[in-house]
Chemist: 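Structure incoming, see below.
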Amino acid sequence: MAERSTAAVDVADNSDESSLTAQADQSTADGVAKNRERDTDSDEVQESTRTDGAGTTSPPELHSGHKLARRYRLEECVTRLDGFSSWRAVDEKLRRAVGVHILPADHSRARSVLAAARSSALLGDPRFVQVLDAVEENDVVYVVHEWLPDATELTTLLASGPLEPYDAYQMVSQVSSAMAAAHREGLAHLRLNPNAVLRASTGQWRIRGLAVNAALRGVSSDTPQRTDTEAIGALLYAALTQRWPYESDAYGLSGLPKDIGLIAPDQVRAGVHRGLSELSMRALVNDGATASRHESPCTTPEELVKAIGEMPRIRPPEPAFTAPPEYQRTTYQQGTYGRQSPGVTQPVPTPPPPLQSRTGKALKWAVSALLIAALGLGSWQLADALMDQGGKNEDPGQTQTNDGNDKSPKKPVSKPIAISAARDFDPLGDQTEKPSDIGKVYDNSTATYWQTDFYLSPDFGRLKSGVGIILDLGKTQQVGTVTVRFVGDTSVELRSASSDAGSEPTSLDAYSKVAEGSGTTVQLKPGKALKSRYLLVWLTKLPLQPDDGKWRGRVADIKVTS
């Protein structure tokens, strides 16, 4: 049986009901105890929502080993509450772990759960845990979704302390953008909490239970955008302070002291990033009530995305440099295979001078004689060849003419072209892509590099077709080859502005493709003669960087020759 993950399915609220029979903190079949996921929304968070009464239908009697559609084999029950159950299962057709929610077809929420699951599946946004199947058969409704064994809940991450400012910034940026996209399609979450937000091993943040978790529990809201925005503010508040921004404790986090109201994160904990603290307050405030130093509240995920975009970008911390250990000679290099005693230096024996024996002396004389004979024979052959050549030159019947008209073509000499300036180019995104490091692509050093932002997949998370670097050659010149060195196997195109461009073009359509390639060192040669001042190195597919496990492009060096 596959080992349980804390990134499974969204489980039920903590309660004392006897129907909560599946305790996920019990040992699994492999004998390893797991922590049960908790989902304990406080009253303050849900005061804008209503919960319908649960159906009286008993949950289907299922057990480990039961198969749905002769395909999904149930492995472990994670939740059994309010007439539905949630399981870890195995898709035997595709041989992968999945999560399954199951409830009777006549359950009062069955229709709304099916509708929510199918709407969520149509969204197809990789920032959300995907719904794979939503079926009604044999008097049972079940929803199948992704199972992420390598992901970690925000609840688990906060158990060890607050997030670093860069991690908190990435979390709120990605979650806000994802929820803004969902609301544009008419979908809300309504149960967005630390158990519903996961960080994958690649560093990407993903959201599970979009629309489905609320439908399973009969949760709705008259102001869904405001509800989800306030939930994002609570997530950011918890990430910065390791405290829940309400008086009651929840998700393993302590609430705020009673009777003091909602105070800013930088007043709860020293060293909190000022901009992120204000951002969380703008998302959390109700009915426009803000502290005097805060700007207007954010009431929708779209407004929150805009507010994040107006903040100065928070950069990742510099990696700590670890000095390599001192070089030590091994016992093999010291001339012995044995283990050297501590503090004892073994002398290295001096080898005898080569060829000092009788046989050696005879061998030296023989080799010398052969060399002298070879030199003599070679000299004689050379003299004979020169004499023959002289005789041919003196032959009156032979004449040599040289009219100076050499018809053999001369190859043009390739010369390096200096790059006058360069800038990052992201016309399909937020218009900026690590501009501070752009000088590293032409600093004549392959030890430094410019890198892109990181994405969910090699095709830029399906958000855009590419990013690139614009090269300014100072003036219109003949371009022969552009050599680009990457860190990781990267696909790239060389695009060129027209030769009569008076200034640097700012749109992608103004650059036409003249060459393409992929690899770590790519030579881009235009198919025909090219004259231009502005060149665009356009990255179209990114490698997975092993040092941080993220999809991003890294350009170490660019050379241009005529």
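Along the sequence shown, the residues carry numbers beginning at 1.
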Chemist: What pairs with Ser201 under side chain to side chain donor-acceptor pair (under 3.5 Å), at least two apart in sequence or on another chain?
Modeler: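 So Ser201 forms a side chain to side chain donor-acceptor pair (under 3.5 Å) with Asp150.
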Chemist: Does the side chain of Val135 come within less than 4.5 Å of Leu68's, by heavy atoms?
Modeler: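 When only atoms from C-beta onward are counted, Val135 and Leu68 do not touch, as no gap falls below 4.5 Å.
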Chemist: Between Val197 and Trp205, is there a side-chain heavy-atom distance shorter than 4.5 Å?
Modeler: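 Yes, at least one pair of side-chain atoms sits under 4.5 Å.
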Chemist: Report the distance from atom NE2 of His273 to atom CG of Leu240, rounding to the nearest 0.5 Å.
Modeler: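 Answer for the NE2-CG pair, His273 versus Leu240, is 9.5 Å.
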Chemist: Can you find a heavy atom in the side chain of Leu253 that is under 4.5 Å from one in the side chain of Arg243?
Modeler: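 Answer no - side chains too far apart.
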Chemist: Is it true that a side-chain atom of Thr452 and a backbone atom of Gly553 form a donor plus acceptor pair closer than 3.5 Å?
Modeler: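 Side chain of Thr452 to backbone of Gly553, a donor-acceptor pair under 3.5 Å: yes, one is there.
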Chemist: Taking all non-hydrogen atoms of both residues, which atom of Gly488 and which atom of Phe486 are closest, and how far apart?
Modeler: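 Here Gly488 and Phe486 meet closest at O-CB, 3.4 Å.
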Chemist: Quick check: closest heavy atoms across Asp547 and Arg554, and the distance to 0.1 Å?
Modeler: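 Answer, listing the atom of Asp547 first, then Arg554: OD2-NH1, 3.0 Å.
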Chemist: Is the side chain of Ser160 donor-acceptor paired with the backbone N or O of Leu157 at a distance under 3.5 Å, no angle test?
Modeler: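 Present.
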Chemist: Could you check whether Thr299 and Glu303, counting side-chain N and O atoms only, form a donor-acceptor pair closer than 3.5 Å?
Modeler: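 A donor-acceptor contact under 3.5 Å links the two side chains.
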Chemist: Calculate, to the nearest 0.5 Å, the distance between atoms CD and CZ belonging to Gln451 and Arg552 respectively.
Modeler: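 Between Gln451 CD and Arg552 CZ, I get 4.0 Å after rounding to 0.5 Å.
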Chemist: Begin from the C-alpha positions of Leu428 and Phe460 and carry the test side chain to side chain contact (heavy atoms under 4.5 Å, CB included) through to its verdict.
Modeler: CA-CA 11 Å; Leu428 308 178; Phe460 299 88; over 6 Å; no
Chemist: Among Gln130, His145, Glu153, Glu146, whose side-chain hydrogen bond (donor to acceptor under 3.5 Å, both in side chains) with Arg208 holds?
Modeler: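 For Arg208, the side-chain hydrogen bond (donor to acceptor under 3.5 Å, both in side chains) check succeeds only for Glu153.
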Chemist: Rounded to the nearest 0.5 Å, how far does OH of Tyr169 lie from CD of Gln174?
Modeler: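 Answer rounded to 0.5 Å: 10.5 Å.
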Chemist: Quick one, Thr79 with His101, criterion side chain to side chain contact (heavy atoms under 4.5 Å, CB included). Give me CA distance, side-chain angles, the key distance, then yes/no.
Modeler: CA-CA 9 Å; Thr79 303; His101 301 304; over 6 Å; no
Chemist: Between Thr432 and Asp426, is any pair of side-chain heavy atoms under 4.5 Å apart?
Modeler: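 Of all side-chain heavy-atom pairs linking Asp426 with Thr432, none is under 4.5 Å.
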Chemist: Is there a donor-acceptor pair closer than 3.5 Å between any side-chain N or O of Thr229 and the backbone N or O of Gln225?
Modeler: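 Checking the backbone N and O of Gln225 against the side chain of Thr229, a donor-acceptor pair under 3.5 Å is found.
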Chemist: Rounded to the nearest 0.5 Å, how far does CZ of Arg73 lie from NZ of Lys67?
Modeler: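 If I round to the nearest 0.5 Å, the distance is 7.0 Å.
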Chemist: Quick one: closest heavy-atom pair of His183 and Ala188, and the distance?
Modeler: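 Minimum heavy-atom separation between His183 and Ala188: CE1-CB, 3.6 Å.
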Chemist: For the backbone of Arg88 and the side chain of Trp147, can you confirm whether one donor and one acceptor N or O come within less than 3.5 Å of each other?
Modeler: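 Between the backbone of Arg88 and the side chain of Trp147 there is no qualifying donor-acceptor contact (under 3.5 Å).
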Chemist: Taking C-beta and beyond as the side chain, do Met179 and Leu210 meet within less than 4.5 Å on heavy atoms?
Modeler: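 Yes; the side chains approach each other to less than 4.5 Å.
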Chemist: Under 4.5 Å between any side-chain heavy atoms of Trp538 and Phe425, yes or no?
Modeler: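 Heavy-atom side-chain distance check passes, below 4.5 Å.
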Chemist: Between Gly255 and Asp249, which heavy-atom pair has the shortest distance, and what is it?
Modeler: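 Shortest heavy-atom contact: N-OD1, 2.7 Å.
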Chemist: I'd like to know whether CZ of Arg462 has more than 12 heavy-atom contacts from other residues, nucleotides or ligands below 6.0 angstrom.
Modeler: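 12 or below, so no.
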Chemist: Heavy atoms only: give me the nearest Ser64-Glu75 pair and the separation to one decimal.
Modeler: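 Shortest heavy-atom contact: OG-O, 2.9 Å.
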Chemist: If you measure from the Lys or Arg side-chain nitrogens to the Asp or Glu carboxylate oxygens, is any gap between Arg315 and Asp437 under 4.0 Å?
Modeler: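 No, Arg315 and Asp437 are not salt-bridged.
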Chemist: So, do Leu163 and Leu154 sit near enough that their side-chain heavy atoms are less than 4.5 Å apart?
Modeler: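 Answer yes - side chains close enough.
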Chemist: Are Lys541 and Asp489 close enough, and set up right, to give a side chain to side chain contact (heavy atoms under 4.5 Å, CB included), and what steps lead you there?
Modeler: CA-CA 9 Å; Lys541 190 174 182 181; Asp489 199 333; over 6 Å; no
Chemist: Just grab all the salt bridge (charged side-chain N to carboxylate O under 4.0 Å, His left out) pairs involving residues 231-240, residues at least two apart or on different chains.
Modeler: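 The answer is none; no pair qualifies.
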Chemist: Would a distance-only check, ignoring hydrogens and angles, find a side-chain to backbone donor-acceptor pair under 3.5 Å from Thr241 to Val268?
Modeler: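 Such a contact is absent between Thr241 side chain and Val268 backbone.
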Chemist: With side chain to side chain contact (heavy atoms under 4.5 Å, CB included) as the test, pick out the partner of Val175 among Ile232, Asp228, Leu304.
Modeler: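 With Val175 as partner, side chain to side chain contact (heavy atoms under 4.5 Å, CB included) holds for just one option, Ile232.
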Chemist: Between Gln242 (side chain only) and Leu158 (backbone N and O only), is there a donor and an acceptor less than 3.5 Å apart?
Modeler: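 Yes, the answer is positive, given that a donor and an acceptor are paired below the 3.5 Å cut-off.
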Chemist: Can you measure from CG (Asp259) to CD (Glu247) and round to the nearest 0.5 angstrom?
Modeler: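 Asp259 atom CG to Glu247 atom CD measures 6.0 Å (nearest 0.5 Å).
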Chemist: Give a yes or no on whether a salt bridge exists between Asp453 and Arg313, defined as a side-chain N under 4.0 angstrom from a carboxylate O.
Modeler: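 Answer for the salt bridge query: yes.
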Chemist: Which pair of heavy atoms, one from Ala239 and one from Ala168, lies closest together, and at what distance?
Modeler: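 Reported closest heavy-atom pair: CB-CB, 4.3 Å.
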Chemist: Taking Glu302 first and then Lys306, would you say they form a salt bridge - that is, a charged N and a carboxylate O separated by under 4.0 Å?
Modeler: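 The answer is no: the pair does not qualify as a salt bridge.
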Chemist: Below 4.0 angstrom, N of the basic side chain to O of the carboxylate: do Asp91 and Arg71 qualify?
Modeler: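 Salt bridge: yes.
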Chemist: What's the verdict on side chain to side chain contact (heavy atoms under 4.5 Å, CB included) for Gln170 and Glu164, showing C-alpha distance, side-chain angles and the deciding distance?
Modeler: CA-CA 10 Å; Gln170 289 295 320; Glu164 293 295 327; over 6 Å; no
Chemist: Trp87 and side chain to side chain contact (heavy atoms under 4.5 Å, CB included): which single residue from Ile102, Val78, Val98 fits?
Modeler: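 Among Ile102, Val78, Val98, the one that satisfies the side chain to side chain contact (heavy atoms under 4.5 Å, CB included) with Trp87 is Ile102.
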Chemist: Report the distance from atom CD of Gln431 to atom CG of Asp424, rounding to the nearest 0.5 Å.
Modeler: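 Reported to 0.5 Å precision, the distance equals 10.0 Å.
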Chemist: Is there a side-chain contact between Asp548 and Phe454 (heavy atoms, below 4.5 Å)?
Modeler: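 No, their side chains stay 4.5 Å or more apart.
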Chemist: Please check this pair: side chain of Asn138 against backbone of Val140, looking for a donor-acceptor N/O pair closer than 3.5 Å.
Modeler: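 Absent.
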